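See structure below.
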Amino acid sequence: MTTTPIKAGVDRILSSCLGSDAGRFHPVIAVRTPAASKDWDGTVIAVDAAGQYVQCQTKGERGSSPDVPPTFINDRLWGTGHIVEYFDAVGQSAGKGRYVSLGAGHYTTGVAKMTVSYGEDPKQYPVVMAGGAFFYTASFSTGSSTAKLIAAMSTPYVHAYNATGKEIYNQKKDPRFTDASE
């Protein structure tokens, strides 16, 4: 679950991901994942003056966007008023017997702490938070498990807490991700 900061090359990553639009954005999160997949080994999340976020997956010092266009307006998925909004949650093989997943999004000012749990395991892990954006990643040993078991183990669930430590958001209970109605 450990990330390491990307200390050099962030501007090159944003330029290769965004082209001429890169200069409008400043990075808020730039980290490497705990394992490298074929296509990525980290993420850079940046924001512009209008509050639009962009997520660039990295492989070395090259960046690519998992979405087109690569910018994400704060209410692009469900409208305003949500505590947590998601950019992407993806997973990929990280070599024989390994799987790496990552996800990112942004949160409102009332969020003081965020965590992520995986599958049915109740243990929560911290996420990287900065500049209104969050990022999480994990590397799993797959062993000889079936693909269905791997997917269940690695399904991420985001949790958000206010300054008093009260949970104010739990993705497992979010009607957008369950069959329950709002």
Side-chain angles (χ1 to χ4, degrees), residues 1-18 22 25-48 51-67 69-78 82-92 94 98-119 121 123-140 153-161 167-172 174 177:
M1 309 291 174
T2 303
T3 59
T4 56
I6 299 173
K7 295 181 180 176
V10 173
D11 289 339
R12 283 188 293 276
I13 292 166
L14 287 175
S15 289
S16 63
C17 178
L18 301 173
F25 291 85
H26 70 275
V28 293
I29 296 174
V31 294
R32 296 283 176 211
T33 56
S37 74
K38 177 181 79 102
D39 297 323
W40 32 263
D41 63 5
T43 294
V44 174
I45 300 172
V47 65
D48 71 5
Q52 292 182 326
Y53 291 86
V54 59
Q55 175 186 357
C56 297
Q57 310 311 45
T58 68
K59 185 69 172 186
E61 291 187 1
R62 299 262 329 143
S64 62
S65 175
D67 294 293
T71 58
F72 305 99
I73 299 169
N74 295 357
D75 60 353
R76 81 175 174 108
L77 295 179
W78 300 291
H82 295 281
I83 295 170
V84 173
E85 295 288 343
Y86 299 94
F87 297 155
D88 283 295
V90 295
Q92 200 173 70
R98 300 220 31 207
Y99 180 84
V100 65
S101 73
L102 60 85
H106 65 89
Y107 54 90
T108 61
T109 56
V111 175
K113 174 185 166 186
M114 294 183 74
T115 62
V116 64
S117 60
Y118 293 91
D121 185 354
K123 184 173 180 176
Q124 294 181 28
Y125 300 91
V127 305
V128 177
M129 297 172 63
F134 69 89
F135 176 77
Y136 61 86
T137 184
S139 177
F140 299 94
M153 280 179 23
S154 60
T155 301
Y157 295 104
V158 174
H159 307 265
Y161 298 86
E167 185 175 63
I168 55 175
Y169 177 80
N170 181 335
Q171 187 178 2
K172 275 188 158 185
D174 188 332
F177 300 98

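Because the structure is predicted, anything quoted here is derived from the model rather than measured.
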Query - Closest non-hydrogen atom pair, Tyr161 against Gln124 - result: OH-OE1, 2.6 Å
Query raised in the report: Is it the case that more than 12 heavy atoms not belonging to Arg62 sit under 6.0 Å from its CZ atom?
Result: no
Query raised in the report: If you round to the nearest 0.5 Å, how far is CD1 of Ile13 from OG1 of Thr43?
Result: 9.5 Å
Query raised in the report: How long is the gap from CG on Asp41 to CD on Glu61, to the nearest 0.5 Å?
Result: 10.0 Å
Query - Minimum heavy-atom distance between Met129 and Met114, given as atom pair plus value - result: SD-N, 3.3 Å
**Report entry** For Ile29 against Ala133, the heavy-atom pair lying closest together
**Finding:** CD1-O, 3.5 Å
Query raised in the report: Where do Ala30 and Val10 come nearest, in terms of heavy atoms and distance?
Result: CB-CG2, 3.8 Å
Query raised in the report: When you measure from the side chain of His26 to the backbone N and O of Ala46, does any donor-acceptor pair fall under 3.5 Å?
Result: no
**Report entry** Pair Ser139-Thr33, side chain to side chain contact (heavy atoms under 4.5 Å, CB included): steps then yes or no
**Finding:** CA-CA 8 Å; Ser139 177; Thr33 56; over 6 Å; no
Query raised in the report: Passes side chain to side chain contact (heavy atoms under 4.5 Å, CB included), Tyr107 versus Phe134? Steps please.
Result: CA-CA 7 Å; Tyr107 54 90; Phe134 69 89; 4.0 Å; yes
Report summary line: Minimal heavy-atom distance between Ala94 and Val100, with the atoms involved, is CB-CG1, 4.1 Å
Report task. Would you please test Leu102 and Trp40 for side chain to side chain contact (heavy atoms under 4.5 Å, CB included) and show each step? Result -> CA-CA 10 Å; Leu102 60 85; Trp40 32 263; 3.4 Å; yes
Query - Check: Ser16 side chain, Gly63 main-chain N or O, donor-acceptor pair, under 3.5 Å - result: yes
Report summary line: Here the gap from Gln55 atom CD to Phe135 atom CZ, rounded to the nearest 0.5 Å, amounts to 7.0 Å
Report summary line: Between the NZ atom in Lys113 and the CD1 atom in Ile168, the distance rounded to the nearest 0.5 Å is 12.0 Å
Requested in this report: For Val127 and Val158, run side chain to side chain contact (heavy atoms under 4.5 Å, CB included): C-alpha distance rounded to whole Å, both residues' side-chain angles, the deciding distance at 0.1 Å, then the answer.
Outcome: CA-CA 9 Å; Val127 305; Val158 174; 6.0 Å; no
Query raised in the report: Using 30° and 60° as the class limits, which term best fits the ring planes of Tyr53 and His106: parallel, tilted or perpendicular?
Result: parallel
Query raised in the report: What closest approach, in Å, do Ser101 and Tyr118 show between heavy atoms, and which atom pair accounts for it?
Result: OG-CE2, 3.9 Å
Report summary line: Distance col, row His159:NE2 vs Thr115:OG1, nearest 0.5 angstrom, shows 5.0 Å
**Report entry** Within 6.0 angstrom of Asn170 CG, more than 12 heavy atoms from elsewhere
**Finding:** yes
Requested in this report: With rounding to the nearest 0.5 Å, note down the distance linking CG in Asp39 to OG1 in Thr58.
Outcome: 11.5 Å
